[in-house]
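See below for the structure under consideration.
Just so it is clear, the model here is predicted, and its values are computed rather than measured. Every chain is numbered from 1, with letters handed out A, B, ... down the list of sequences.
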Amino acid sequence: MKTGRSAVTLTAPDEAETVLPGGSGLRTKTFTLNMGPQHPSTHGVLRLVLELDGEQVLSCVPHMGYLHRAMEKLAEEKTFHQFVPYTDRMDYLSPFHNNVTFMLAVEKLCGIEAPPRAQYIRTVGCELARISNHLLGIGTWALDIGAMTVFFLMFREREIIYNLFEMLTGARMMTSFQRVGGTAFDMTPQIEKAIRNFLDYMPDKIDDYEDLLTKNRIWVDRTRNVGVITAQQAIDLSLTGPNLRGSGVAWDLRKKTPYMVYDTFDFEVPIGKNGDVYDRYIVRIQEMRQSLRIIRQALDGMPEGPYQIQDPKISLPPKDKAYGSMEELIHHFKIVSEGVAAPPGEVYFVAENPKGELGYYIVGDGTSHPYRCHVRSPSFINLRALPPMVEGRLIADVIAALGSIDIVLGEVDR
Amino acid sequence: MALEKEVLSRILTTKLDFALKWARKNSVWPMPMGISCCAIEMMAVAASRYDMARFGSEVLRFSPRQADCMIAAGTLVHKMAPVVKKIYEQMPEPKWVIAMGTCLCTGGMFHSYSTVQGLDQVIPVDVYVPGCPPRPENLLSALQHIQDLISSDELPTKARQNHEAEWEISRLFEDKLARVRASRVGRVVKSGGRHIDMPEVYGPDGTLRSGDSPLGIPTANVKGGSVDYAAERFERRVGAPS
């Protein structure tokens, strides 16, 4: 993070004194404020070193690494299946989507594609994860700005999504649902019915949030024209996801380079105009509505058939066959003990995660472990946009801007 | 006379002590030390459905000076460890610590160069909550363990002063690693947590659906809930036992 560092480190204390305007001749000093790593509004363990002149932010330097868990290094000693739980814990607000993106990268490396039913189940889960991510993102952000009711309302709906995930995957939060060549389980009719109920229930609730925030005078005053990033700046900072679209750039990988079955669905990509904090909020709200549309279409178009590739080298054989036949037993043993081997080569796959473009760069060496696994995490790169957003603004705007870029520290530090 | 005075004073002291403990136990102010994933479940505990306010702990204090129970949730890495220790030291006595999540119990799945293998390597822990992340019920259960500790005669500071000392341990836990650690320090919440009555839930049409969540989605606590779905799915995949 280069921006503004000179203001913090290179200026000697006595040189930092400036004469107040207005001819009073009073001298003032800048003030360094350490925000975090334990601060409720930093959404985790981010540390911001702010150089202040009164209430005005002169420079903002994010310090990271308070949650560095060495995910990329751990990937090198795990099989692809074993690494799936780690992807859960990278962006722990939308674990399902992280699983899917990683598995799509592995499948690209292996040169296989999951059967259509698995793709549809994945799409439904991904969009549910997107809704749940935006619910938490907006909820905590509103809480930081002072609107506590929104947080409670949004958590109510998040709990319902948690229940849906629990029915589908067996876990509330950390789903670990993906396997090479498909999903872990099938989607039963009960689950489909529950999701359809949710689809009928949710639009009204989104209206409720909009009633509370969209025209709320306090919310608008705190967010409009705050933290402005122009379209060109956003592209230069390589922002992705709602942060990029809030600046008016209609870039969504689900449209631009459709993966899975996104090209079969009819949905819109909401974009903002001014690139301020308010626009990023509007984009997230609209994305939730579009996600509901996608889920409905995915449920309607869900094909019958297997949810895993029917290849004994890749997916586990049915239990009755594994117990009864020698060959199936050997396949079962090989997959469980060694994992699915990927051919040598390197692959980069990027998908539109709720927070932006999540990319996995995997180098395979012919074994079931990645030789190297690099993660292009959207939060890490979006965090880069914070200093240009807040420099020259008031300190209260730091909170609003930080909430609007919707970072999660597990992904920033990895 | 002197004896009578002593007896009276003793009775008075005990009762005051009891009243203090009662008040303290029902107004635990937690300091949410949210580090990573588990913090989201901690927020869920504070939010609508699980509602920590039912146990008198809705006053989450982000300033350690105003809190008496640290709920540490997430993975502790070496860079963060001094921060957590400092925050713990800033909390006024008496104070308690809940280590939420397997990462803080034993290091968990992050056996890497950067991760501290358990919170008790940095600060003393009173209750361990294994799980990755633990369900909200488990955290509520841990909070009740803390309440038990407060109302028990043993002062937490005294027990914490000698880490290796004997400590009342709940024997109802399953995690073997956690048991090894628990034998040294604190209590462990057993997986599944205590049974906690869920509040009544209303459906989207406003009608009461007792024991059922909105939209007809059963909760895990209820017979026929999602745990049963998992069992059913398992059976379908594995085949019913013959």
Side-chain angles (χ1 to χ4, degrees), chain A residues 37-41 44-45 47 65-71 73-74 85-86 88-89 92-93 95 136 139-140 151-156 158-160 162-170 172-174 184-186 188 190-191 193-194 197-198 200-201 204 316 318-320 323 408-410 413, chain B residues 31-41 43-44 46-51 60 62 64 74-81 83-84 86-87 103 108-115 132-133 135-136 203-204 213-220 225-227 229-230 232-234 236-239 242:
Chain A
Q38 185 269 323
H39 188 280
S41 296
V45 285
R47 177 176 166 221
Y66 291 95
L67 193 51
H68 173 66
R69 298 185 278 193
M71 299 266 198
K73 192 68 191 167
L74 284 167
Y86 289 85
D88 276 332
R89 286 148 185 86
Y92 40 82
L93 303 183
L136 191 125
T140 50
F151 171 78
F152 286 123
L153 290 187
M154 289 191 165
F155 253 82
R156 184 184 61 190
R158 254 181 83 79
E159 287 290 339
I160 295 172
Y162 271 160
N163 277 154
L164 293 173
F165 274 142
E166 199 173 359
M167 291 172 79
L168 183 62
T169 70
R172 267 165 66 82
M173 197 171 148
M174 304 305 192
F185 310 116
D186 202 358
T188 60
Q190 296 103 307
I191 301 170
K193 186 165 172 291
N197 284 346
F198 173 73
D200 296 337
Y201 166 88
D204 288 353
L316 287 174
K319 268 283 159 28
D320 51 341
Y323 286 141
V408 55
L409 267 295
D413 294 332
Chain B
M31 143 82 214
M33 186 68 238
I35 307 170
S36 61
C37 334
C38 288
I40 307 298
E41 287 294 64
M43 281 156 73
S48 329
R49 182 179 285 179
Y50 292 96
D51 195 12
L60 298 174
F62 288 95
T75 313
L76 192 64
V77 304
H78 288 297
K79 192 173 178 181
M80 190 67 192
V83 180
V84 174
K86 186 150 205 163
I87 288 170
C103 289
M109 67 198 285
F110 294 104
H111 197 270
S112 65
Y113 57 83
S114 61
T115 314
C132 194
R135 292 185 64 89
S213 81
L215 319 182
I217 304 165
T219 56
S226 45
V227 172
Y229 281 110
E232 182 197 316
R233 205 162 44 210
F234 182 76
R236 206 166 48 241
R237 196 178 156 83
V238 177
S242 52

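Taken to the nearest 0.5 Å, the OG1 atom of A:Thr169 stands 11.5 Å off from the CE atom of A:Met174. In this structure, the separation between CZ on A:Phe155 and CD1 on B:Ile40 is 6.5 Å, given to the nearest 0.5 Å. Rounded to the nearest 0.5 Å, atoms CE (A:Met173) and OH (A:Tyr162) are 4.5 Å apart.
Taking the six-membered ring where the residue is Trp, A:His68 and B:Tyr113 present tilted rings, their angle falling between 30° and 60°.
The contact between B:Thr115 and chain A is made entirely by side chain atoms (from C-beta outward), counting heavy-atom distances below 4.5 Å. Using a 4.5 Å cut-off between heavy atoms, A:Pro85 touches chain B through backbone and side chain atoms alike. Of the atoms belonging to A:Arg89, heavy atoms from both backbone and side chain fall under 4.5 Å from chain B. Heavy atoms of B:Cys132 lying under 4.5 Å from chain A belong to its backbone as well as its side chain. Heavy atoms of A:Arg158 lying under 4.5 Å from chain B belong exclusively to its side chain. Heavy-atom distances place the backbone of B:His111, and not its side chain, under 4.5 Å from chain A. Only the side chain of A:Met71 comes within contact range of chain B, with at least one heavy atom under 4.5 Å from a heavy atom of that chain. Contacts between B:Met43 and chain A at a heavy-atom distance below 4.5 Å involve backbone atoms as well as side-chain atoms. Neither the backbone nor the side chain of B:Ala81 has a heavy atom closer than 4.5 Å to any heavy atom of chain A.
Taking every heavy atom of both residues into account, B:Ser48 and A:Phe152 meet most closely at OG-O, 2.7 Å. Closest non-hydrogen pair, A:Tyr86 versus A:Leu74, comes out as CE2-CD1, 3.6 Å. Heavy atoms only, all atoms of each residue included: A:Leu409 and A:Tyr92 are closest at N-OH, 4.1 Å.
Between chain B and the options A:Arg47, A:Gln38, A:Lys73, the largest number of non-hydrogen pairs under 4.5 Å is found for A:Gln38. Counting heavy-atom pairs under 4.5 Å between each of B:Pro133, B:Ala47, B:Cys37, B:Pro32 and chain A puts B:Cys37 at the top. Chain A forms the most heavy-atom pairs under 4.5 Å with one residue out of B:Ala44, B:Ser112, B:Ala39, B:Ser36, and that residue is B:Ser36.
Across A:Leu168, A:Leu164, A:Asn163, a single residue satisfies side-chain contact (heavy atoms from CB on, under 4.5 Å) together with A:Glu166, and that is A:Asn163.
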